[in-house]
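The structure appears right after this line, and notes come after that.
Just so you know, these numbers come straight off a predicted model, no measurement behind them. Keep in mind that the numbers below use all heavy atoms, side chains included, and drop hydrogens, waters and symmetry copies. The sequence lines fix the lettering, A, B, ..., with proteins before strands; numbering per chain opens at 1.
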Amino acid sequence: MYETKLRTHTCGELNGKNDGLNVILAGWVKKKRDHGEIVFIDLRDRYGVTQVIIEEGRGDLKEQVKNVRGEFVVRVFGIVRKRPSNMVNKDIKTGEIEVVANKIEILNESEVPPFEIKDELSVQEELRLKYRYLDLRRDTLKETIIARHKTIQSMRTFLSEKGFLEIETPVLTRNTPEGARDYLVPSRNHIGKFYSMAQSPQLYKQLLMVAGFDRYYQFARCFRDEDMRSDRQPEFTQIDIEMSFVDEEDVFKITEGLMKKVFHDVISYDLETPFLRLTYKEAMEKYGSDKPDLRFGCQINDITDMVKNCGFGVFENSDFTFAYNTKQLLSRKQIDEYNDIAKKYGLPGLFYLKYTDEELKGSIVKYLSEDVKHKLIEKLDIKNGDTLFLASGKWKRTLEALGACRRKTGNDFYIKDNEIKYKFLWVTEFPLFEWNEDEEKWEPCHHIFTMPRDEDIEYIESDPGRVHGKLYDLVCNGVEISSGSIRAFKKEIQERIMNVIGLSNEEAEKRFGFLIEGFKYGAPPHGGIAPGLDRLIMIMLNRDNIRDVIAFPKSLKASGIMEDSPSEVDEKRLTELGLKLIKKKGS
RNA sequence: GGGGUCGUAGUUCAGUUUUGGUUAGAACGCAGGCCUGUCACGCCUGAGGUCGCGAGUUCGAGUCUCGUCGGCCCCGCCA
């Protein structure tokens, strides 16, 4: 397959049809099994594993491989031989054959690796990260890296065929105070000033629309100096897409086509399109999340009116009361775990009801009239053996807390690891503005260049909370894969939006001057989306950790464990940059 | 910024609470030996420990207390 000077075949391609062929293989010793008179060596490379046999009577070869250990790099000259049927290894691609060694050459030795290179082994992640190049030899990790390549290839083909141009934009850019903290880069050419590493190519891609490149994409590396999570890295990759002369439907269609192709090409899975759509309000009220996992039910219900006058103070005095049925009989201990989650999300606590022996039970049941009980049983489809949770409070906080509980229910009971299904959906009609309680002002939900929905434009000044944007998120299995918007490309709308959030023209000019300037020269209507490549691959391969789909990821504290980054630098370099470190307290 | 959890042979863990107490165990790996069909090969023998780091309590600390570093998970944050 990939013949080179040092080999004729890879370790993953030989089979029964090659019986009798003279071959040269090169790879790593996965395992040596020494039986005395005969010796087996499993030789591994990127493509697979091939069994090499040193037969009886080859004392010369045995002497040579006497000191060969795991992970030595060797070259084997030999003849392919079909194995007797009872010795075929069905677990490996090359299991039909083995290579009878004539000559073995040690290309390089290896120290005993700090952990065994095999798939089943669980090793502390810190160690795996330190020796990432060894971890990458394991199939589980190797597969994600290969899938990542396939994903990128598939996307390039699709987008290129649809007329999109791949255009690169700067990583070193200027600081914009909104949004995520960015990484600052000093330069000795500009003492006292800093570049910012791009958080995303947002402004550049909009200017590419002004330039007339009406279909653009890019695999863009984005940098954000924020705290990590299992699905976040300080540097990550977006498939940044922007189109001119479009509305939401156009973006949906392209994105759906892209996802369909990628899932087909990479994991041979046929996605159904178009994707389901939920408005932000629906998603919140049914699932308690703006990125709901639709692989299971347990929908939330609004029971505010039902319990408003039941005589229980909490229900009577709260804005909203919501409930959902876990459809499971939960123990006291399990219920406590749910309570902890609710508290973490800012609720004083949860109420629960159990239905056993044809009877509702729980501390609050005494407040519920027969009529209310019946309504509850009907609305929440309560059957024997069900446990349900109720929570009261403000709309968003209460729903989000119940949403977190619902997520736990899903993880504990409904989402089976081995049964992968993909439930994509669009979440649409996000509010354009969000009221910041602390600072008592309106803030943009997405960014200030988002177009309001046509029918809401008249309320921008009079009722900002009612205005929804042409804003959309692509969600799959409870993960936000992507978000995007149609942009406010006209000066008049931009200014009205800036007025609401209290951003003066001068201030806007200072922060986004080059974009606003560009928009003066015939900005077309445009919009786009930017799916997160890493998260998409995570979802596709059913991994629960973003580090597993990145060759050299950072730790949760954003350190490079292998290369030990970030590092201190010489005083001399700092001086050159006009920088001086302030000593931390205590040091 | 906050909360949780983990840190003991090369690796994965037990031992830590009930009880602070002599030589800190196991499996895998590693080293030496034996073995003609294994593919998680098998059998025999052996080496291998700063119990993350630092202070404290104590006659005595892997075990208790405080601090600190690091991994992982979550809240805030991530327009």
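When the ring-ring contact (aromatic ring centres under 6.0 Å, His included) test is applied to A/Y131, no partner is found at least two apart in sequence or on another chain. Every residue two or more places apart in sequence or in another chain was checked for a ring-ring contact (aromatic ring centres under 6.0 Å, His included) with A/Y459, and none qualifies. For A/Y287, there are no ring-ring contact (aromatic ring centres under 6.0 Å, His included) partners two or more places apart in sequence or in a different chain.
Under the 4.5 Å side-chain criterion, counting only non-hydrogen atoms from C-beta, A/I493 is in contact with A/I497. Between A/R487 and A/H447, the closest side-chain pair of non-hydrogen atoms falls below 4.5 Å. Counting only heavy atoms from C-beta outward, the side chains of A/L25 and A/L14 approach each other to under 4.5 Å.
Spacing of P atoms, B/G33 relative to B/U23, comes out at 34 Å, to the nearest Å. B/G15 and B/U63 have their P atoms separated by 15 Å, with the value rounded to a whole Å. To the nearest whole angstrom, the two P atoms, one in B/C72 and one in B/C13, are 15 Å apart. Going from the C1' atom of B/C43 to that of B/A61 covers 41 Å, rounded to whole Å. B/G42 and B/G4: their P atoms are spaced 44 Å apart (whole Å). Comparing the P positions of B/U18 and B/C66 gives a spacing of 15 Å, expressed to the nearest Å. Nucleotides B/C44 and B/U68, compared at atom C1', are 47 Å apart to the nearest Å. B/U12 and B/G49 have their C1' atoms separated by 16 Å, with the value rounded to a whole Å.
Of the options A/K30, A/R44, A/K32, a salt bridge (Lys or Arg N to Asp or Glu O under 4.0 Å) to A/E71 is made by A/R44 and by none of the others. Test A/K281, A/R466, A/R453 against A/E429 for salt bridge (Lys or Arg N to Asp or Glu O under 4.0 Å) and you get one pass: A/R453.
Contact annotation: A/R229 side-chain N/O to B/C75 OP1/OP2 distance is under 4.0 Å. For B/C74, the OP1/OP2 oxygens have a side-chain nitrogen or oxygen of A/S230 closer than 4.0 Å. An OP1 or OP2 oxygen of B/C73 is reached within less than 4.0 angstrom by a side-chain nitrogen or oxygen of A/R547.
A/M562 has its CE atom 19 Å from the P atom of B/G70, to the nearest Å. Across the protein-nucleic acid pair, A/I561 atom CD1 and B/C72 atom P stand 6 Å apart, rounded to whole Å. When rounded to the nearest whole Å, the span between NZ of A/K554 and P of B/G70 equals 16 Å. Put simply, CD1 on A/I341 is 13 Å from C1' on B/G4, counting in whole angstrom units. Taking atom NZ of A/K557 as the reference point, atom C1' of B/G2 lies 13 Å away to the nearest angstrom. For A/K66 and B/C30, the NZ to P distance is 15 Å, given to the nearest whole Å. For the pair A/K130 NZ and B/G7 C1', the computed distance is 15 Å after rounding to whole Å. When the C1' atom of B/C69 is taken as reference, atom CG of A/L556 falls 15 Å away, rounded to whole Å.
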Expected rows: protein N/O vs nucleotides 9-12 of chain B N/O, under 3.5 Å:
| residue | atom | partner | partner atom | Å |
| --- | --- | --- | --- | --- |
| B/G10 | O2' | A/P114 | O | 2.8 |
| B/U12 | OP1 | A/Q124 | N | 2.6 |

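Base pairing of B/U68 is made with B/G52, judged by Watson-Crick or G-U wobble geometry with both donor-acceptor distances under 3.5 Å. Using the Watson-Crick or G-U wobble rule with both distances under 3.5 Å, B/G42 pairs with B/C34.
Judged purely by atom type and a 3.5 angstrom limit, A/R83 uses its side chain to pair as donor or acceptor with the backbone of A/I97.
Nearest-nucleotide mapping onto RNA chain B: of A/D544 and A/V112, the residue sitting toward the 5' end is A/V112.
Near RNA chain B, meaning a heavy atom under 4.0 Å away, the residues from residues 231-239 of chain A are A/R232.
A/A530 approaches A/D240 most closely through the heavy-atom pair CB-OD1, 3.5 Å. Minimum interatomic distance between A/M562 and A/K130 (heavy atoms only, all atoms of both residues): CG-O, 3.3 Å.
Here A/E443 lies out of heavy-atom contact (under 4.0 Å) with every strand.
Classified by interplanar angle (parallel below 30°, tilted 30° to 60°, perpendicular above 60°), the ring pair A/H526/A/F519 is perpendicular. Below 30°, between 30° and 60°, or above 60°: for A/Y472 and A/W426 the angle between ring planes is above 60°, a perpendicular geometry.
With hydrogens and angles left out, the side chain of A/R128 and the base of B/G71 share no donor-acceptor pair within 3.5 Å.
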> Can you give one letter per nucleotide of nucleotides 34-43 of chain B, 5' to 3': B if a protein heavy atom sits under 4.0 Å from the base, S if only from the sugar-phosphate, - if neither?
Replying inline: -BBBBB-B--
